[in-house]
Amino acid sequence: MKKSRNYPNKRELTPGDVALRCGVAVSALHFYESKGLISSFRNGGNQRRYHRDVLRRVAIIKIAQRIGIPLATIGEHLMQFPAGKRMTPKEWAVLTKKWREELDSRISTLTRLRDDLDGCIGCGCLSMEDCPLRNPDDQLSERGTGAILLEPARN
C-alpha cells in the first residue's frame with residue numbers, strides 16, 4: 001500500500017517534501033548537504049531521502065542565516081550535535097548562546113562604527129594616519145605598511 005505524501009507519520013521525506021515544508025529550493029538542500037550541514041540517505045530505488053529531523057536542521061540553518069551567521073560557522077556549531085536526532089531544548093540553548101555572543105560582538109562593533117562615523121560626516125579627509133574609522137590613533141603604523149585590516153581577530 002502506497003503512503004500518501006501528506007501522511008503525518010511519514011518517516012522519510014523526499015527532497016521535494018523537505019523543500020516545500022522548509023520554504024527552500026531543492027538545490028539549497030543539495031548545497032547544505034554538500035557543506036555537511038544536513039545529510040540524506042538513498043532508498044532501495046537509489047532516490048535521495050531525508051529523515052524528519054532535517055526539517056528542524058534546515059529551520060535552524062535559515063534562522064542562523066537570517067541573523068547573519070556565516071554557513072561555515074553554522075556548520076561548525078551543528079557538527080557538535082548528531083544528525084538524525086532531534087535537537088533538545090538544552091542543545092538549542094548551547095547553540096544560541098554561541099550565536100548570541102557573536103551577535104553581541106557584531107552589535108558592539110557596529111555601534112562603535114556608527115558613533116565614530118559622526119566625526120567623519122562631511123570631513124572628506126580620508127587620512128590614512130588620522131582617520132578615526134580607518135586608522136584610529138594611527139594604530140596601523142605599528143603593524144607595518146600595506147593594507148591592514150582593523151577588524152578584531154575572531155576566535
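Positions are given from 1, in the same order as the sequence printed here.
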>> Between R114 and T111, does the side chain to side chain contact (heavy atoms under 4.5 Å, CB included) criterion hold? Intermediate values first, please.
In response: CA-CA 5 Å; R114 181 203 60 210; T111 301; 3.5 Å; yes
> Does any pair with a residue in residues 78-98 pass ring-ring contact (aromatic ring centres under 6.0 Å, His included), and if so which ones, sequence neighbours excluded?
Replying inline: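 Non-adjacent pairs meeting ring-ring contact (aromatic ring centres under 6.0 Å, His included): zero.
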> Restricting to pairs with a member in residues 41-74, which pass ring-ring contact (aromatic ring centres under 6.0 Å, His included), not counting sequence neighbours?
Replying inline: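 ring-ring contact (aromatic ring centres under 6.0 Å, His included) check on residues 41-74 returns F41-H51.
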>> Please find the pair of heavy atoms, one from A19 and one from A25, that lie closest to each other, and give the distance.
In response: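 Shortest heavy-atom contact: CB-C, 4.1 Å.
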>> So which atom in V24 and which in A28 form the shortest heavy-atom distance, rounded to 0.1 Å?
In response: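 Distance-wise, the nearest heavy atoms are CB-CB, 4.1 Å.
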>> When you compare the side chain of R66 with that of K62, does any pair of heavy atoms fall below 4.5 Å?
In response: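 In short, these two side chains do not touch, never coming nearer than 4.5 Å.
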> Taking the side chain as C-beta and beyond, is there a heavy-atom pair between I60 and R56 under 4.5 Å?
Replying inline: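 Yes; the side chains approach each other to less than 4.5 Å.
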> Are M87 and V94 grouped together when hydrophobic residues (ILVMFWY) are joined by side-chain heavy atoms under 4.5 angstrom apart?
Replying inline: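 Hydrophobic grouping puts M87 with V94.
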With sequence neighbours excluded, what pairs up with [X] under the side chain to side chain contact (heavy atoms under 4.5 Å, CB included) test?
{"X": "R21", "value": "R52, L55"}
{"X": "Q47", "value": "N43, R49"}
{"X": "T88", "value": "K85, K90, E91"}
{"X": "S34", "value": "F31"}

>> Given V58, which partner from the list L37, D53, I38 fulfils the side chain to side chain contact (heavy atoms under 4.5 Å, CB included) test?
In response: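 The side chain to side chain contact (heavy atoms under 4.5 Å, CB included) with V58 is passed solely by I38 among L37, D53, I38.
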Ignoring hydrogens and angles, write down the donor-acceptor pairs under 3.5 Å from the side chains of residues 67-80, residues two or more places apart or on other chains.
from: H77; atom 1: ND1; to: W99; atom 2: NE1; distance (Å): 2.8
from: Q80; atom 1: OE1; to: K98; atom 2: NZ; distance (Å): 2.6

> Side chain of T109, backbone of S105: donor and acceptor closer than 3.5 Å?
Replying inline: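 Yes, because the side chain of T109 sits within donor-acceptor range (under 3.5 Å) of the backbone of S105.
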Nearest-0.5 Å distance that lies between atom [atom1] in [X] and atom [atom2] in [Y]:
{"X": "E12", "Y": "S40", "atom1": "CD", "atom2": "OG", "result": "11.5 Å"}
{"X": "C22", "Y": "L29", "atom1": "SG", "atom2": "CG", "result": "7.0 Å"}
{"X": "R11", "Y": "L13", "atom1": "CZ", "atom2": "CG", "result": "11.0 Å"}

> Which residue pairs pass the salt bridge (Lys or Arg N to Asp or Glu O under 4.0 Å) test when at least one of the two sits in residues 26-44, sequence neighbours left out?
Replying inline: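 Residue pairs passing salt bridge (Lys or Arg N to Asp or Glu O under 4.0 Å), neighbours aside: E33-R48.
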